[in-house]
Amino acid sequence: MSEHNPIAENITRLQQIWITNRKENPNARIFCWRYQAQDYFFLNSFYKLESSQYNATTDAFVIFFNPFENKEKYTISLIQQWLNQFEEEAKKQGWQWNDLETFKERFSNITPTDYDAYKILWKDILISYKAFDNKPDTKLFIGIMPHSIGSEEGINIWIEETLSLLPNDIGYVTHQEDSENILYLVEKKIVTKTLQVPNFDLKGAYKQIATQGNPTDPQVQFRRCMFEMGEAAGANNKSKLNQWGQKMLEVTQSTGNRSFWASAHLVYAGFLFQFKDDEKIEELLNKGIAITAKEYKDKPESAGVLLQLYAYKGSYASMTGKKEEALEWFTKQAHTATELQLTEQALLAYNNLLLLAQKNKNDFFYNTIKESFEVGYPLKDEQLKNINFTFIANYYCDYFTNNGKYTRNEIEERMKTIYGENWKENATNFKQIVVEEEKENE
């Protein structure tokens with residue numbers, strides 16, 4: 001990391017805070033970062049860096065963000081993630097952790113309600129991994145960072161129960177916002193050290209990085225315009241937004257790069273969404289489409305901008321209650337992406353189409369299900385894993401598996417393999433998005 005990079009400098013400050021406090025508190029079993037919400041980016045970056053080969057501290061970190069519902073489910077989810085991820089990594093790196101297969105077998109044989117057995121297995125995995133890592137002078141810290149916590153008392157008890165089983169060279173690291181007091185029980189029983197994340201200026205750091213370079217460089221000017229437009233939008237200052245938006249159009253047009261110019265229309269229109277300036281938004285999006293539509297087949301960069309312009313047209317039409325127009329633009333996006341063999345982008349458009357069309361079970365709705373399924377299902381599992389295909393697959397199972405090429409059982413088993421046993425819940429939750437948005441807009 002460059003030390004002239006303000007973001008890198010702030011992460012380095014966190015590394016120094018950690019190193020200093022570890023040295024001053026060698027017996028602490030838990031370290032808890034306290035932070036303000038706007039500074040979480042830096043803390044998360046610290047975790048990622050220290051969990052990689054580029055770490056600066058002498059400690060080893062393995063971080064988990066699994067949600068905490070209760071002690072039993074949490075322990076199971078941690079073990080499952082650890083074993084799955086390590087197995088994948090071992091194949092890539094050629095690692096030989098001899099206990100891995102034994103742990104997998106033990107995990108599969110534990111009765112689902114036997115919480116004590118899962119705790120012991122969790123302890124054994126960590127101790128075995130620490131030995132496998134073969135760094136006797138390094139302390140292993142497990143990051144307990146649940147995205148959501150169903151029971152604060154429950155996670156306190158879980159930390160106490162599991163940490164009491166572990167040797168002193170394995171500890172926990174966690175975090176909580178300044179306004180929270182999640183570890184109110186654990187802190188009374190286990191040696192805990194609180195670390196304070198300084199108040200960093202993330203927006204200023206981004207702006208400093210983005211505007212570095214020759215001020216006459218169009219790319220630097222473009223980024224400067226984006227930041228100024230973002231600040232104007234945040235201050236609800238439409239006049240200033242239009243001033244910098246116009247400058248962005250002029251800067252990009254002067255380069256002669258048509259896709260760059262079109263992308264400026266896209267960015268400018270996006271910032272205007274909050275003002276619902278129909279005339280200007282339509283003008284910008286239509287102009288961007290006119291610039292890219294003639295060359296998208298030969299220029300991939302123009303194709304990417306055109307697909308985003310279609311998506312913006314569909315989104316804005318949906319926002320302003322023009323459902324039929326929104327369906328037309330999302331259809332254009334899906335068909336153009338399919339034409340260009342950009343299947344993942346096509347499926348994103350198809351998801352939007354079905355979300356809008358699901359209220360009226362008409363021919364368009366059924367045809368879109370069939371069309372989108374036939375586009376997406378041939379993809380490899382690894383590709384589908386990065387897309388929410390559950391929505392499309394679930395609808396296809398409901399309406400087409402009796403006469404279709406694939407059986408319902410075949411599709412459902414494949415979805416379980418890719419997305420897990422609860423894949424249908426994911427699809428159901430996705431269906432509720434439009435229903436909730438419509439209620440909010442009533």
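Computed from heavy atoms alone, side chains included, the values below leave out hydrogens, waters and symmetry copies.
Under the 3.5 Å distance criterion, the side-chain polar atoms of Arg29 are matched with a main-chain donor or acceptor of Ile170. Formation of a donor-acceptor pair under 3.5 Å by the Glu50 side chain with backbone atoms of Ala56 is found in this model.
A cation-pi geometry, defined here as NZ or CZ lying under 6.0 Å from the six-membered ring centre and within 45° of its normal, does not hold between Lys104 and Phe107. A cation-pi geometry, defined here as NZ or CZ lying under 6.0 Å from the six-membered ring centre and within 45° of its normal, holds between Lys332 and Trp329.
For Phe103 and Trp97, the distance between ring centers is under 6.0 angstrom. Taking the six-membered ring for Trp and the full ring otherwise, Phe132 and Phe86 have centroids separated by under 6.0 Å. For Phe42 and Phe46, the gap between ring centers reaches or exceeds 6.0 Å. A ring-centre distance under 6.0 Å is found for Phe273 and Tyr312.
Between Trp122 and Trp158, the two ring planes are tilted [angle within 30° to 60°]. Ring orientation note: the planes of Trp18 and Trp33 are close to parallel, at an angle under 30° on the 30°/60° scale. Using a 30° and 60° split on the angle between ring planes, His147 and Phe65 fall in the parallel class, below 30°.
Looking at Asn242 and Tyr268, their side chains do bring a donor and an acceptor atom within 3.5 Å of each other. In the model, Gln176 has no side-chain atom that pairs as donor or acceptor with a side-chain atom of Tyr35 under 3.5 Å.
Proximity of Val186 to Leu163: side-chain heavy atoms (C-beta onward) are nowhere separated by under 4.5 Å.
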| request: Could you give me the CA-CA distance, side-chain angles and deciding distance for Tyr377 and Tyr406, then say whether ring pair (Phe, Tyr, Trp, His ring centres under 6.0 Å) is met? | output: CA-CA 10 Å; Tyr377 198 71; Tyr406 306 98; 4.6 Å; yes
| task | Could you walk me through whether Ile142 and Val173 pass side chain to side chain contact (heavy atoms under 4.5 Å, CB included), step by step? | result | CA-CA 6 Å; Ile142 307 301; Val173 58; over 6 Å; no
| request: Could you give me the CA-CA distance, side-chain angles and deciding distance for Phe141 and Phe31, then say whether ring pair (Phe, Tyr, Trp, His ring centres under 6.0 Å) is met? | output: CA-CA 9 Å; Phe141 281 94; Phe31 284 83; 5.7 Å; yes
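Counting heavy atoms of neighbouring residues, nucleotides and ligands inside a 6.0 Å radius, atom NZ of Lys370 does not exceed 12 of them.
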